[in-house]
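The structure presented is a predicted model; accordingly, all values stated were derived computationally and were not measured. A note on names: the letters A, B, ... follow the listed sequences, proteins ahead of strands, and every chain is numbered from 1.
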Amino acid sequence: DTAVSQTPKYLVTQMGNDKSIKCEQNLGHDTMYWYKQDSKKFLKIMFSYNNKELIINETVPNRFSPKSPDKAHLNLHINSLELGDSAVYFCASSQGLSNTEAFFGQGTRLTVV
Amino acid sequence: GENVEQHPSTLSVQEGDSAVIKCTYSDSASNYFPWYKQELGKGPQLIIDIRSNVGEKKDQRIAVTLNKTAKHFSLHITETQPEDSAVYFCAASQRAGGTSYGKLTFGQGTILTVHP
């Protein structure tokens with residue numbers, strides 16, 4: 001009964017490959033996010049979706065494409081993976097845009113080799 | 001956009017001592033300031049938050065203070081325990097309105113180590 005769940009937890013892949021990370025929340029929240037945590041632990045927002053609508057796209061390369069099939073799911077697809085994409089990616093959700101008490105998933109550690 | 005600075009980057013204390021982590025923010029429109037604790041291999045977890053209409057909030061051993069005029073806020077942990085060891089992040093956001101609401105801007109994180 002995990003609130004925000006991401007799969008996979010670990011992902012090791014070669015440069016140039018395309019990969020997806022899936023996220024689901026069972027909190028009934030309207031808003032979902034993707035955050036990236038780099039090797040220095042710095043957390044930075046990538047995208048936010050509210051009721052399946054893209055709200056924030058924070059200067060992320062267009063190789064990253066989020067998709068929200070419904071408000072409980074927000075997936076992240078990454079094309080042509082690069083070494084610099086190696087990081088931990090966190091999905092999060094909040095009740096709405098005006099309530100930013102965010103609940104985070106356990107993270108997906110992506111390693112590009 | 002918002003910029004959040006957090007200090008110190010590492011903090012080492014003895015069990016039972018107090019720990020204080022400080023953050024400053026740049027955007028006067030920010031009105032919501034949460035603190036997150038991240039344990040190894042896990043996602044950040046909200047431990048306490050404060051809104052801009054409040055100067056201080058306390059929850060057991062944890063307290064947060066906010067100075068809107070100076071644009072800084074602090075996390076205070078009293079009677080620290082080894083299980084408090086983790087990375088702590090401050091953040092700022094706009095709860096409603098503005099072009100960046102719904103977005104948390106995080107500080108750089110503080111690695112807190114509590115020695116038994």
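The nearest pair of heavy atoms linking A:F104 to B:P44 is CB-O, 3.4 Å. Residues A:Y35 and B:F106 approach most closely at CE2-CE1, 3.5 Å, considering heavy atoms.
Interface remark: of the candidates A:Q37, A:K40, A:K44, A:Q37 forms the most heavy-atom pairs closer than 4.5 Å to chain B.
Heavy atoms from other residues, nucleotides or ligands lying under 6.0 Å from NZ of B:K68 number 12 at most. The 12-atom threshold is exceeded at NZ of B:K57, counting heavy atoms of other residues, nucleotides or ligands nearer than 6.0 Å. No more than 12 heavy-atom neighbours from other residues, nucleotides or ligands sit within 6.0 angstrom of CD on A:Q14. Annotation: B:L40, atom CG; neighbour count of heavy atoms from other residues, nucleotides and ligands within 6.0 Å does not exceed 12. Within a 6.0 Å sphere centred on CD of B:E83, heavy atoms belonging to other residues, nucleotides or ligands number more than 12.
A:I55 and A:L27 fall into different hydrophobic clusters, where Ile, Leu, Val, Met, Phe, Trp and Tyr side chains are chained together by heavy-atom contacts under 4.5 Å. A:I78 and A:L11 fall within a single hydrophobic cluster, where Ile, Leu, Val, Met, Phe, Trp and Tyr side chains are chained together by heavy-atom contacts under 4.5 Å. Residues A:F64 and A:Y49 are members of one and the same hydrophobic cluster, defined by side-chain heavy-atom contacts under 4.5 angstrom among Ile, Leu, Val, Met, Phe, Trp and Tyr. One hydrophobic cluster, built from ILVMFWY side chains closer than 4.5 Å, cannot hold both A:I45 and A:Y89; they sit in different ones. Linking Ile, Leu, Val, Met, Phe, Trp and Tyr whenever their side-chain heavy atoms come within less than 4.5 Å leaves B:I62 and B:I111 in two separate clusters.
Contact of the A:Y33 side chain with the B:K103 side chain is not registered, since no non-hydrogen atoms from C-beta on lie closer than 4.5 Å.
For B:Q45, no part lies under 4.5 angstrom from a heavy atom of chain A.
The contact list for residues 105-113 of chain A toward chain B, using heavy atoms and a distance under 4.5 Å, reads A:G105, A:Q106 by residue number.
With rounding to the nearest 0.5 angstrom, the CG atom of B:L104 is 8.0 Å from the OG atom of A:S94. Atom CZ in A:F42 sits 9.0 Å away from atom CZ in B:F89 (nearest 0.5 Å). The CG atom of B:D49 sits 5.5 Å away from atom CD of A:E101, with the distance rounded to the nearest 0.5 Å.
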